Number of protein chains: 2
Amino acid sequence: MPHQPTIHAVAEAAQVSIATVSYALAGKGNMSNATRERVLAVAAELGYAPNRIASALRHRRSHVIGLVNDTISTTPFAGHVLLGANTAASQAGLVVMTMSTNDEPDTEDRDFEILRSYQVDGIIYAKMFHQEITVPPALLKLPSVIVDAAPSTRERPAIVPDEEQIGATATSYLLDHGHRDIVHLGIDANLPSSRGRRKAYESVMRAAGATPRVVHGESNAQGGYDATLRALRDGPATALFCFNDQMGMGAYAAAATLGLDIPRDLSVVGVDNLELVAAALRPGLTTLRLPHYEMGVWAVEELARQMDRDPSPADQFETLAIACPLVERESVARRT
Amino acid sequence: MPHQPTIHAVAEAAQVSIATVSYALAGKGNMSNATRERVLAVAAELGYAPNRIASALRHRRSHVIGLVNDTISTTPFAGHVLLGANTAASQAGLVVMTMSTNDEPDTEDRDFEILRSYQVDGIIYAKMFHQEITVPPALLKLPSVIVDAAPSTRERPAIVPDEEQIGATATSYLLDHGHRDIVHLGIDANLPSSRGRRKAYESVMRAAGATPRVVHGESNAQGGYDATLRALRDGPATALFCFNDQMGMGAYAAAATLGLDIPRDLSVVGVDNLELVAAALRPGLTTLRLPHYEMGVWAVEELARQMDRDPSPADQFETLAIACPLVERESVARRT
DNA sequence: CTGTTAGCGCTTTCAG
DNA sequence: CTGAAAGCGCTAACAG
């Protein structure tokens, strides 16, 4: 492949020393404007771009950050984190190196090792759904942040969706639309998401003088279908707050089976805002968007802060809970 | 942050010269096994990992490849390409640097520049749906491959889904199940995918002595809904071959509206295998999977080949069409 | 079998 | 205002 021009080539072509070229490009140093312009022109002419690998070696700053997540597929979540991270990185003059450990812890450690050997300035450690973790020791060797997982210690900053806000917002929204018989389609697993959403649902219901009722199901369409059937069989329900959009999709199918019209006979709220599902359903599914993009952005910004205040070894960090916006579509009707 | 140990530190600790350490780690050179083991042990002890940035500077080989795509979100496609690329890269001792140009051509050029300044050994240029492109000039300056887009020149190798095979497989599958009145729900846009699938559909139908009928709609659920209504109104149809799963989802909704049972009254085949949709629909949607993962894998393998045979400047490359497997679920019934 | 050394491309101090 | 030179961490040719 054609070699890229080096700083030497530019210096020679511009009839100056390499130091001058370096200064001119960095906008530093004192030199005649004429010289500066000439150097810049020559550099542009030759298509010169500094070798950032050499510069990183010198500076001990690569301007590369690593992003490792358990798996980049099946859901658009990872995509949004990545997109957010990439966008923010561009802004900050950084570049992202991605690694996907297929959720194997040894791969994970190897990946941290590799990233470190590339001298990344920091690492974003992202999980694909909100969970509790212990921070991998390798992360403590350099600036790092955690996305969509809550570390059990305060060793590193983290950001997660605000699960209680999700539950509260969804429930209030239905209450505000005049519903009283709102049942929550929850899941069995003991996760921050299931606990938080349920807890907020229950307390908002009680605060409004309504009676909470939770029906459990698998966290997929089939589970939503089954749970909806049970919910409707076992008591009155004019609205469903589903753990996620997939279950909401199942609720639609169950409603169809029962000859119920959404939203006239049954209102539904989901969580996730899976565009592919929520926007495609008829009527569109009102849901709460998980702020993966924003978490990606926050992660690089926080990392950047951590990078240049060169954190004191035993800092204490917060786990931020970030609000999830409601995305209104047509699946909720006002009850009069 | 704690400095990583350098090769000097290891040499000192092991009481040898840095060259010996380098050799020991590389498994090269001649030295006593005792020395080698000791060096290795010391290195492990100190948690030493070679600075790959220094090594890249020396070798003029970074073992980093760049991946730029128009947008990493909304669809799981990009995720699968990335995952494939990452997995194959790990295998090959490479690492991936991702960039997402939000489809802005200037961002794109800047991204190529940045990747080159990081001395990437090659670039994967991925589009998020099959289209025709002219290869960006910046890509010709280094090894590169194109994913999910067909370059109008043969300057670089590319890989795309085999659109005609998709049309042929879907159609034959329905024919084999005894259907004759198969209508194709197509889209208006003039794309390789719409053209190829339609063309194969028509010729397979004719070859079987059946009459092709195409109904157009928007490429989303609403479009599929509308198109299905029209298809069923304007003529006989026992099966639908939909341009994508989203339209298939619309077909389900239309069938429900008309009181038609899938698959008893109407069989449906989609394309994309959007897990979130196809597996969640009731009954599960039979569809063809777009091999994004495999394209990602192929891309790094092809890149690796290109990297070490150091391609002659004016090579001619092929655009590969890769087969898309049928994913059978329950949306197709045998017609007797 | 082991050590010395030049140099990858860049930045920056220090002399001129 | 400009240039020479040291050195970031590593590799590999060469000398011992």
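Naming convention: chains lettered A, B, ... in sequence-line order (proteins, then strands); numbering from 1 in each chain. Predicted model, so just to flag it, every value in this text is computed and none were measured. In what follows, every heavy atom counts, from backbone to side chain, and hydrogens, waters and symmetry copies are set aside.
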[X] side chain, from C-beta outward: closest of [options]:
X: A/Ala54; options: D/dA4, C/dC10, D/dT2; answer: C/dC10
X: B/Asn51; options: D/dG9, D/dG3, C/dT13; answer: D/dG9
X: A/Arg58; options: C/dG3, D/dC10, C/dG9; answer: C/dG9
X: A/Leu57; options: D/dC10, D/dC8, C/dT12; answer: D/dC8
X: A/Tyr48; options: C/dC10, D/dG3, D/dC10; answer: C/dC10

Take the protein atom [atom1] of [X] and the nucleotide atom [atom2] of [N], then report the distance between them rounded to whole Å.
X: B/Leu25; N: D/dA12; atom1: CG; atom2: P; answer: 13 Å
X: B/Arg52; N: D/dC10; atom1: CZ; atom2: C1'; answer: 13 Å
X: B/Ile7; N: D/dG7; atom1: CD1; atom2: P; answer: 18 Å
X: A/Ile53; N: C/dG7; atom1: CD1; atom2: C1'; answer: 16 Å
X: B/Tyr118; N: C/dC8; atom1: OH; atom2: P; answer: 22 Å
X: B/His59; N: D/dG9; atom1: NE2; atom2: P; answer: 18 Å
X: B/Leu46; N: D/dG9; atom1: CG; atom2: P; answer: 15 Å
X: A/Arg38; N: D/dC1; atom1: CZ; atom2: C1'; answer: 13 Å

Note, A/Glu301 side chain near A/Gln91 side chain (heavy atom, < 4.5 Å): no
Residue met sooner reading DNA chain D from 5', once A/Ser17 and B/Ile18 are mapped to nucleotides: A/Ser17
A/Phe112 and A/Tyr125 aromatic ring geometry - parallel, tilted or perpendicular at 30°/60° bounds: tilted
Phosphate OP1/OP2 of C/dT2 contacted by B/Thr35 side-chain N/O (<4.0 Å): yes
A/Thr20 vs D/dG3: side-chain N/O to OP1/OP2 distance below 4.0 Å: yes
Residues B/Ser17, B/Thr20; criterion side-chain hydrogen bond (donor to acceptor under 3.5 Å, both in side chains); working and verdict: CA-CA 5 Å; B/Ser17 79; B/Thr20 306; 3.2 Å; yes
A/Arg110 and A/Glu113 ion-paired at < 4.0 Å: no
B/Glu155 atom CD, over 12 foreign heavy atoms within 6.0 Å: yes
Sugar-phosphate only, base, or nothing, as touched by B/Arg60 at under 4.0 Å among non-hydrogen atoms: sugar-phosphate
Touch class at under 4.0 angstrom, heavy-atom based, for A/Ser22 against every strand present: base
